[in-house]
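Below you'll find the structure, written out as structure tokens, and then a few comments.
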Amino acid sequence: MKSILLIGLGRFGRHIAMKLDELNHQVMAIDRNEERVDAILPYVTNAQIGDATKEGFMESLGVRNFDVCIVAIGDNFQSSLEATSLLSELGAKYVVSRAARDVHAKFLLKNGADEVIYPEKQMAEWAAIRYSADHILDYVELDDEHAIFEISVPENWVGKTVGQLDIRNKHNINIMAFKHMGVMNMNIKSDTPVPENNTMLVLGNIRDIQKCFHI
């Protein structure tokens, strides 16, 4: 369990808070808007109305005591930048800030952010890949070159073993799991037969996966 300071309770920040609550983390939530703060109270350990660009207010939070500080402000880049910079100056252990553009990311990284997230960009990329091919069920990008795809099992693979397919050597792709009706089998060996009516999770270089599965 981690202690997390969450700044900004718009749609994005609210969803982060709710998910962190599901994961049983301790969350201190901050926003200027009283209604947003009141709405998030059932999902967080504590919440305060305040301006994250004000040094005195931020000092009062004891930002050094949080494992992670997330700046989820999306409607005011200047405020996001100032909050990020203040967190760094006050000794925050790890700062994650939201960006909408590459230029925003550069400024945030230069002014105290340890990591930058692009919710709109990441969702756009996911949607483009997910809905551009009928046999792709899900997609998680790990870095610029590698990803995990959930893909329908090709019909001509059914009944063959993972070893017979040998896609690790042929395509540099790893089969991580087979999935059926929401149940995942991750005990994959060379003699594991490829099951019918399943999807599979494959890990590898994005270009290798696209080439192998004609994505």
Side-chain angles (χ1 to χ4, degrees), residues 1-127 130 138-143 147-148 150 182 184 201:
M1 181 173 65
K2 289 188 175 183
S3 58
I4 297 169
L5 175 62
L6 175 61
I7 299 171
L9 297 174
R11 286 190 298 270
F12 180 60
R14 183 171 67 250
H15 285 300
I16 291 176
M18 293 170 71
K19 189 61 181 180
L20 289 171
D21 178 55
E22 284 183 29
L23 297 171
N24 296 315
H25 293 295
Q26 293 183 335
V27 180
M28 162 73 83
I30 304 298
D31 199 282
R32 296 177 181 177
N33 186 294
E34 183 177 356
E35 291 183 2
R36 290 178 176 179
V37 171
D38 289 342
I40 208 64
L41 284 172
Y43 305 102
V44 298
T45 309
N46 196 1
Q48 289 192 30
I49 304 165
D51 187 344
T53 67
K54 302 299 183 184
E55 185 173 356
F57 173 69
M58 295 294 278
E59 278 185 325
S60 73
L61 300 175
V63 299
R64 292 173 180 266
N65 299 321
F66 294 94
D67 296 308
V68 181
C69 297
I70 301 174
V71 181
I73 299 170
D75 55 356
N76 188 323
F77 177 66
Q78 183 66 32
S79 293
S80 176
L81 185 62
E82 290 181 22
T84 298
S85 180
L86 264 178
L87 287 168
S88 179
E89 291 173 9
L90 293 171
K93 294 177 184 176
Y94 198 81
V95 180
V96 179
S97 298
R98 175 183 180 178
R101 304 177 187 174
D102 289 340
V103 67
H104 290 175
K106 290 179 182 178
F107 277 108
L108 290 165
L109 290 168
K110 286 181 179 180
N111 287 274
D114 295 291
E115 188 172 345
V116 170
I117 50 177
Y118 293 79
E120 291 86 0
K121 181 179 178 181
Q122 289 163 344
M123 180 54 68
E125 291 176 354
W126 178 89
R130 165 66 179 85
D138 205 351
Y139 160 82
V140 178
E141 186 175 289
L142 302 178
D143 58 28
I148 299 170
E150 183 180 351
M184 198 172 299
L201 272 63

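Here, residue 1 is the first one in the sequence, and each next residue gets the next number.
- Interatomic distance, CG of Leu20 versus NZ of Lys2, reported as 10.5 Å (0.5 Å rounding).
- Taking the salt bridge (Lys or Arg N to Asp or Glu O under 4.0 Å) definition, one finds that Asp21 meets it with nothing, sequence neighbours left out.
- Taking both residues in full, the closest heavy atoms of Gly112 and Val95 are given as O-CB, 3.7 Å, listed atom of the first, atom of the second, then distance.
- With sequence neighbours excluded, no residue forms a salt bridge (Lys or Arg N to Asp or Glu O under 4.0 Å) with Glu82.
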Could you walk me through whether Leu61 and Ile30 pass the side chain to side chain contact (heavy atoms under 4.5 Å, CB included) check? CA-CA 10 Å; Leu61 300 175; Ile30 304 298; 4.0 Å; yes
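- Residues that satisfy the salt bridge (Lys or Arg N to Asp or Glu O under 4.0 Å) test with Lys19, not counting sequence neighbours, are Glu22.
- Legend: residues meeting salt bridge (Lys or Arg N to Asp or Glu O under 4.0 Å) with Lys93, ordered by chain and number and at least two apart, are Asp67.
- Heavy-atom minimum distance, Ser79 versus Arg32: OG-NH2, 3.3 Å.
- The environment of OH in Tyr43 is sparse: at most 12 heavy-atom neighbours from other residues, nucleotides or ligands sit within 6.0 Å.
- Among all heavy-atom pairs drawn from Ala113 and Leu109, the shortest one is O-CD2, 3.5 Å.
- Annotation: side chain of Glu115 is in contact with side chain of Tyr94 (closest heavy-atom distance under 4.5 Å).
- Note that the CE atom of Met28 and the OG1 atom of Thr45 stand 8.5 Å from one another [nearest 0.5 Å].
- Looking at Asp31, its side chain does come within 3.5 Å of a backbone N or O of Leu9 through a donor-acceptor pair.
- In this structure, Ile73 and Asn76 approach most closely via the heavy-atom pair CG2-O, 3.6 Å.
- Shown here for Ala72 and Gly8, the closest heavy-atom pair between the two residues is CB-O, 3.7 Å.
- Atoms CD1 and CG, on Ile49 and Asp38 in that order, are 6.0 Å from each other to the nearest 0.5 Å.
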Show me, pair by pair, the donor-acceptor contacts under 3.5 angstrom made by side chains of residues 52-60, not counting sequence neighbours?
from: Thr53; atom 1: OG1; to: Asp51; atom 2: OD1; distance (Å): 2.7
from: Thr53; atom 1: OG1; to: Asp51; atom 2: OD2; distance (Å): 3.3
from: Ser60; atom 1: OG; to: Phe57; atom 2: O; distance (Å): 2.5

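- The NZ atom of Lys110 sits 15.0 Å away from the OG1 atom of Thr84 when rounded to the nearest 0.5 Å.
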Taking it one step at a time, do Leu201 and Met184 satisfy side chain to side chain contact (heavy atoms under 4.5 Å, CB included)? CA-CA 9 Å; Leu201 272 63; Met184 198 172 299; 4.2 Å; yes
How far apart are the C-alpha atoms of Phe12 and Ile117, what are their side-chain angles, what is the distance that settles it, and do they pass the side chain to side chain contact (heavy atoms under 4.5 Å, CB included) test? CA-CA 11 Å; Phe12 180 60; Ile117 50 177; 3.5 Å; yes
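- Pairing each heavy atom of Ala29 with each of Ile40, the nearest pair is CB-CG2, 4.1 Å.
- Taking the side-chain hydrogen bond (donor to acceptor under 3.5 Å, both in side chains) definition, one finds that Glu34 meets it with nothing, sequence neighbours left out.
- Interatomic distance, Leu81 CG to His104 NE2, rounded to the nearest 0.5 Å: 9.0 Å.
- Using a 4.5 Å heavy-atom threshold, the side chains of Leu108 and Ser80 count as touching.
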